[in-house]
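Before any comments, here is the structure.
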Amino acid sequence: MRIDFKNVDISNLKDYEKKAMDAFDTLINKNGEGNDFLGWIDRPVDYDKEEYDRIKKAAAKIQSDSDILITIGIGGSYLGCKALDYATTNYFFDDSKVKLIYAGNQLSGSYLKELLEYIKDKDYSINVISKSGTTTEPAIAFRFLRKALEEKYGKEEAKTRIYVTTDKKKGALKSLSEKEGYETFVVPDDIGGRFSVISAVGLLPLCAKGVDIDKFMDGFRKGREDYTIKDFDKNDAIKYAAIRNMLYENDHAIEVLVNYEPKLKYISEWWKQLFAESEGKDHKGIFPVSVNNTTDLHSLGQMIQDGQRNIFETVLSVKNDNSNLEIEEDSENLDGLNYIAGKSMSFVNSKAMEGTIIAHVNGGVDNIMIEIDDIDEKSIGELFYFFEIAVGVSGYMLGVNPFNQPGVEEYKTQMFKLLGKPGYENK
């Protein structure tokens, strides 16, 4: 993985080095706010080997009796998994060992109704992911899908098709699992949801799909080697955090994550949660948004090129594109494309990216480049770890706790009050 900061004015970056290194020390030494949620830092090398083996065995069982695994969860309980799932799946036919379908990440009755219709004649299993078991969206989805599963297979077989990822010792879902005899996996106490893809939260459904979770873990280990180095000049995660902080103090309130390969779309969705929930506190933080180019150049491109100069871009690119589609010459040339005849689609896409970067930089938009080798398990694991270290450093530089999310509770309070949940009448 390579990071390029040449399109950012870093003439005063040294002014931020000490602040960044202090924040990094706080993170790595685990002596700051939220330090009880830093289990992800060493997770690539310090994980439960017995549970890891059980994940593989459960995945093999799901592959033997199910065409579909319905993954029920919201936020960090599904976004990391969805990102790698989408990135490694064929656009038009899913040749995975098991197809992953997601539920419990919104409250749409139409979605749930259509899902229940779709699975009627399919063999499927369920993986419900919730630390408490009472989060509204996944709890509702699980109630419907559990009933459908029991009606299809009978209660005894249904038990063998329900896999629960929840708290190790307590909570409604843990109690239900013990009562019914569901196989359970652990949501670690020391890893918050948006960092949890490296645990059973992400590894079980990904392994069932047929993703090589060993290579995924290798990517995280590579990230840990590269981005826990205590050296500002050699650690690009620290430098990225410092540059973000520098730009933020220079009135750059919005960061746009850009990709030129649609398979990276849900990487952006995971990234948005990671940075928004980690930094958006005390009326602080850079607002994370994303665009999918070249598609969005024909919609949001005008705003980025000529709109307010309160934004900067971080562009994700892929070094190895193996599509090998070459544009052929046409004798009539009615579309005027013969000037690129003999060129590959990957070449044209790369020039579109380079041209856009030049145009945006000329228009006053600072630009950071991140290049990964491939769209595969190892490269994405390393990318995830890079962003996780960066957001920890960045959050501490801002002066917030990067590992809580107190603001999300307010909407729940107001929703429960409107729904008439007992105990919320006078909130």
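Position 1 is the first residue of the sequence, and the numbers go up from there.
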(message) Assess, by modelled atom type and distance only, whether the side chains of Asn292 and Asn259 contain a donor and an acceptor separated by less than 3.5 Å.
(response) yes

(message) Contact between Ile162 and Leu149 at the side-chain level, heavy atoms closer than 4.5 Å - yes or no?
(response) yes

(message) Can you confirm whether the side chains of His252 and Asp366 place a donor and an acceptor under 3.5 Å from each other?
(response) yes

(message) Assess, by modelled atom type and distance only, whether the side chains of Ser66 and Arg161 contain a donor and an acceptor separated by less than 3.5 Å.
(response) yes

(message) Restricting to non-hydrogen atoms, name the atom on Ala237 and the atom on Ala390 that form the minimum distance, rounded to 0.1 Å.
(response) O-CB, 3.7 Å

(message) Side chains of Arg244 and Glu255, heavy atoms from C-beta outward: is any pair under 4.5 Å?
(response) yes

(message) Quick one about Lys209 and Ser96 (side-chain donor to acceptor, distance below 3.5 Å, no hydrogens or angles considered), yes or no?
(response) yes

(request) Tell me, please, whether Tyr111 has Lys113 positioned over its six-membered ring: NZ or CZ under 6.0 Å from the ring centre and within 45 degrees of its axis? (result) no

(message) Hydrogens and angles aside, do Thr134 and Ser132 bring a side-chain donor and acceptor to less than 3.5 Å of each other?
(response) yes

(message) Regarding Glu377 and Thr88, do their side chains bring together a donor and an acceptor under 3.5 Å, going by distance alone?
(response) no

(message) Suppose the criterion is side chain to side chain donor-acceptor pair (under 3.5 Å): which pairs have a residue in residues 412-421, not counting sequence neighbours?
(response) Glu410-Gln414

(request) Report yes if some heavy atom in the side chain of Arg146 is under 4.5 Å from a heavy atom in the side chain of Leu176; otherwise report no. (result) yes

(request) Tell me, please, whether Tyr385 has Lys222 positioned over its six-membered ring: NZ or CZ under 6.0 Å from the ring centre and within 45 degrees of its axis? (result) no

(message) Other residues, nucleotides and ligands only: do more than 12 of their heavy atoms fall within 6.0 Å of NZ on Lys152?
(response) yes

(message) Could you tell me if Arg224 sits above the aromatic ring of Phe220, with its cationic atom closer than 6.0 Å to the ring centre and no more than 45 degrees from the axis?
(response) no

(request) Please work out which of the three classes, parallel, tilted or perpendicular, describes the rings of Tyr102 and Tyr78, given edges at 30° and 60°. (result) tilted

(request) Could you tell me whether Lys147 atom NZ has more than 12 heavy atoms of other residues or ligands within 6.0 Å of it? (result) no

(request) Verify, without hydrogens or angle tests, whether Ser278 (side chain) and Pro402 (backbone) share a donor-acceptor contact under 3.5 angstrom. (result) yes

(request) Look only at the side chain of Lys263 and the backbone of Thr89, and say whether a donor-acceptor pair between them is shorter than 3.5 Å. (result) yes

(message) Please determine whether the number of non-hydrogen atoms from other residues, nucleotides or ligands lying under 6.0 Å from atom NZ of Lys284 exceeds 12.
(response) yes

(request) Output yes when a side-chain donor or acceptor of Tyr227 lies under 3.5 Å from a complementary backbone atom of Glu382, and no otherwise. (result) no

(message) Assess, by modelled atom type and distance only, whether the side chains of Asp373 and Asn320 contain a donor and an acceptor separated by less than 3.5 Å.
(response) no

(request) Answer yes if the side chains of Tyr52 and Asp214 hold a donor-acceptor pair under 3.5 Å, and no otherwise. (result) yes

(request) Measure across Ile304 and Arg309 and return the closest heavy-atom pair with its distance rounded to 0.1 Å. (result) O-NH2, 2.6 Å

(request) For the residue pair Pro188 and Arg43, establish whether any side-chain heavy-atom pair is separated by less than 4.5 Å. (result) yes

(message) Rounded to the nearest 0.5 Å, what separates atom CD1 in Ile68 from atom CD1 in Ile101?
(response) 4.0 Å

(request) Could you tell me if the ring centre of Tyr424 sits under 6.0 Å from that of Phe416? (result) yes

(message) Surrounding NZ of Lys97 (heavy atoms of other residues, nucleotides or ligands, distance under 6.0 Å), is the total greater than 12?
(response) no

(request) Please check if the distance between the ring centroids of Phe37 and Phe195 is under 6.0 Å. (result) no

(message) Once you measure the plane-to-plane angle for Trp40 and Phe403, does it fall in the parallel (<30°), tilted (30-60°) or perpendicular (>60°) bin?
(response) tilted

(request) Look at the aromatic rings of Phe275 and Trp271 and report parallel, tilted or perpendicular, splitting at 30° and 60°. (result) tilted

(message) Has Ser344 got a side-chain atom pairing as donor or acceptor with Phe347's backbone, closer than 3.5 angstrom?
(response) yes

